[in-house]
Engineer: 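Mind looking over this structure? Questions follow.
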Amino acid sequence: MSIEIDISHYKNLAIEAQEGGVWIVTLNRPAKRNALDIETIEELVRFFSDAPRAGVGAVVLAGAGDHFCAGLDLIEHHDADRSPADFMHVCLRWHEAFNKMEYGGVPIIAALQGAVVGGGLELASAAHIRVMDETAYVALPEGQRGLFTGGGATIRVTDLVGKARMIDMMLTGRVYKGQEALDLGFAQYLVDGSSFDAAVELARKAAQNLPLSNFAICSAVSHMQNMSAMDAAYAEAVVAGVVNTQAEARTRLAAFADKTAARVRPTT
């Protein structure tokens, strides 16, 4: 079932469809350093729920202005004076949004600049590829603010850089950036110029893949990480059986067989 995405229904996300199936989704609260209020979270839930059924080939997730995302909108949180139950449900909506991203089957490339802090790092970690520029820095300052992560850092950030490093960040406010952040696994790419331009280039490459292949890569791998080794091996075989026999792959396999397909070569 195919649906259309009505971008006029979005206030805090600026959304643009480009040629080749690439969509640009920009957090559009630059005066707040793109901090995540509940309305923005609901818009993320809506877009990433619709994207797999709307023919979205790949998404570039960016932040307007100088920062990607400074995390939870602390002013909204302070003014709302939520009860424990109320904030629990806020966190569950964050998880809904980020799970839609990680498990939705559409490649998401995050273009990181400036602050990627707290919930902003949780958001970035739900993307499949992260590209940092030289201004980008990551931190989990929850400990200093009397808070605890509620958007999946204990799951995704720990998966990226390990339990000990995440605990250290929360306890001490440690900040990482540049080559050190890249080497530790916060991102897969570090660029001298625009992280956005680099993310768009990667999204265009990903969008050229067959949709079913991308769906498997951007959903099955995460699901399999949650399984036992035996269950994951079985699931991998089933997914490979479906994906590797899809009709649309025959043309690409034929091109490989007759040596007209591009060969894998290292970049210079």
Side-chain angles (χ1 to χ4, degrees), residues 9-15 25-49 61-104 108 110-127 130 132 135-161 163 165-177 181 186:
H9 288 172
Y10 291 84
K11 174 185 174 184
N12 292 343
L13 300 179
I15 300 173
V25 176
T26 305
L27 303 172
N28 197 26
R29 304 181 76 215
K32 292 278 192 175
R33 299 203 303 169
N34 299 313
L36 297 171
D37 63 358
I38 192 60
E39 186 174 7
T40 305
I41 291 296
E42 291 301 328
E43 290 187 9
L44 288 168
V45 170
R46 188 190 323 151
F47 179 82
F48 286 107
S49 295
L61 182 66
D66 296 331
H67 300 279
F68 175 71
C69 179
L72 172 69
D73 187 331
L74 295 176
I75 302 302
E76 179 193 62
H77 177 55
H78 173 269
D79 292 346
D81 194 22
R82 297 175 172 114
S83 70
D86 288 340
F87 194 70
M88 176 190 72
H89 286 291
V90 168
C91 292
L92 289 173
R93 294 307 286 168
W94 281 54
H95 285 290
E96 181 76 8
F98 298 167
N99 286 338
K100 293 289 186 186
M101 293 170 60
E102 180 181 358
Y103 294 92
I108 302 168
L112 307 181
Q113 83 277 1
V116 188
V117 172
L121 180 55
E122 291 175 312
L123 172 63
S125 69
R130 288 162 296 282
M132 302 178 69
T135 72
Y137 58 93
V138 300
L140 292 171
E142 279 75 4
Q144 292 75 56
R145 293 175 177 155
L147 303 174
F148 188 79
T149 58
T154 57
I155 304 163
R156 296 186 182 90
V157 178
T158 299
D159 191 48
L160 291 177
V161 301
K163 179 182 72 173
R165 187 163 287 113
M166 198 205 77
I167 291 174
D168 174 43
M169 292 172 70
M170 292 178 68
L171 286 176
T172 68
R174 187 170 184 172
V175 177
Y176 291 99
K177 66 178 299 184
F186 288 105

Engineer: One thing to verify: whether Glu96 and Arg46 come together as a salt bridge, which I'm taking to mean a side-chain N less than 4.0 angstrom from a carboxylate O.
Structural biologist: no

Engineer: First locate atom CE of Met101, then atom OG of Ser49, and finally report the distance between them rounded to the nearest 0.5 Å.
Structural biologist: 12.0 Å

Engineer: Between Leu171 and Asp168, is a side chain to side chain contact (heavy atoms under 4.5 Å, CB included) present by the stated rule, with each step listed?
Structural biologist: CA-CA 5 Å; Leu171 286 176; Asp168 174 43; 5.5 Å; no

Engineer: Rounded at 0.5 Å granularity, tell me how far CG in Asp86 sits from SG in Cys91.
Structural biologist: 11.0 Å

Engineer: Kindly compute the distance separating NZ (Lys32) from CG (Leu74), expressed to the nearest 0.5 Å.
Structural biologist: 9.5 Å

Engineer: Is the shortest heavy-atom distance from the side chain of Tyr10 to the side chain of Val25 under 4.5 Å?
Structural biologist: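 Sidechains of Val25 and Tyr10: no contact.
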
Engineer: With the side chain counted from C-beta on, respond yes when Thr158 and Arg165 share a heavy-atom pair under 4.5 Å apart, and no when they do not.
Structural biologist: no

Engineer: Decide yes or no for Leu13 and Leu27: does some side-chain heavy atom of the first lie under 4.5 Å from some side-chain heavy atom of the second?
Structural biologist: yes

Engineer: If you take all heavy atoms of Ile38 and Glu76, which pair is closest and at what distance?
Structural biologist: N-OE1, 3.3 Å

Engineer: Taking C-beta and beyond as the side chain, do Trp94 and Leu72 meet within less than 4.5 Å on heavy atoms?
Structural biologist: yes

Engineer: Mark yes or no for whether Arg130, through its side chain, and Ala127, through its backbone, hold a donor-acceptor pair below 3.5 Å.
Structural biologist: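 Between the backbone of Ala127 and the side chain of Arg130 there is a qualifying donor-acceptor contact (under 3.5 Å).
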
Engineer: If you apply the rule ring pair (Phe, Tyr, Trp, His ring centres under 6.0 Å), what do you find for Phe186 with Tyr176, and how did you get there?
Structural biologist: CA-CA 9 Å; Phe186 288 105; Tyr176 291 99; 5.4 Å; yes

Engineer: Measure the shortest side-chain to side-chain distance between Asp37 and Thr40 over non-hydrogen atoms and say whether it is less than 4.5 angstrom.
Structural biologist: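 The answer is yes, as the side chains (C-beta and beyond) meet within the 4.5 Å cut-off.
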
Engineer: Over all heavy atoms of both residues, which pair between Gly118 and Pro141 is shortest? Give the atoms and the distance, please.
Structural biologist: N-CD, 3.9 Å

Engineer: Nearest 0.5 Å, please: how far is NZ in Lys177 from CG in Leu112?
Structural biologist: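 The NZ atom of Lys177 is 13.0 Å from CG of Leu112, to the nearest 0.5 Å.
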
Engineer: Do Leu140 and Arg174 come close enough that some side-chain heavy atom pair is under 4.5 Å?
Structural biologist: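 No, every pair of side-chain atoms sits at 4.5 Å or beyond.
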
Engineer: What do you reckon, is CG of Asp79 surrounded by more than 12 foreign heavy atoms closer than 6.0 Å?
Structural biologist: yes

Engineer: Would you call the rings of His77 and Phe87 parallel, tilted or perpendicular, taking 30° and 60° as the class edges?
Structural biologist: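 Plane angle between 30° and 60°, so tilted.
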
Engineer: Which pair of non-hydrogen atoms, one from Ser125 and one from Glu122, has the smallest distance, and what is that distance?
Structural biologist: OG-O, 2.8 Å

Engineer: So Val116 and Val138, do their side chains get closer than 4.5 Å, heavy atoms only?
Structural biologist: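 Answer yes - side chains close enough.
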
Engineer: Under a 4.0 Å N-O cut-off, is there an ion pair linking Asp73 with Arg29?
Structural biologist: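 So Asp73 pairs with Arg29 through a salt bridge.
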
Engineer: Carefully, step by step, assess Glu42 and Arg93 under the rule side chain to side chain contact (heavy atoms under 4.5 Å, CB included).
Structural biologist: CA-CA 7 Å; Glu42 291 301 328; Arg93 294 307 286 168; 2.9 Å; yes

Engineer: Evaluate the side chain to side chain contact (heavy atoms under 4.5 Å, CB included) criterion for residues Thr154 and Phe148: first the C-alpha distance (whole Å), next the side-chain angles of each, then the deciding distance (0.1 Å), finally the verdict.
Structural biologist: CA-CA 10 Å; Thr154 57; Phe148 188 79; 3.9 Å; yes

Engineer: Let me see the working for Val117 and Cys69 under side chain to side chain contact (heavy atoms under 4.5 Å, CB included), right down to the final yes or no.
Structural biologist: CA-CA 7 Å; Val117 172; Cys69 179; over 6 Å; no

Engineer: Should Glu43 and Lys11 count as an ion pair when the cut-off is N to O under 4.0 Å?
Structural biologist: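 Between Lys11 and Glu43 there is no salt bridge, as every charged N stays at least 4.0 Å from the carboxylate O atoms.
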
Engineer: Locate the shortest heavy-atom distance separating Gly151 from Phe98; write the atom from each residue and the value.
Structural biologist: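 Distance-wise, the nearest heavy atoms are O-CD1, 3.1 Å.
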
Engineer: With a 4.5 Å limit on heavy-atom distance, are the side chains of Ile15 and Thr26 in contact?
Structural biologist: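 Ile15 vs Thr26: side chains apart.
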
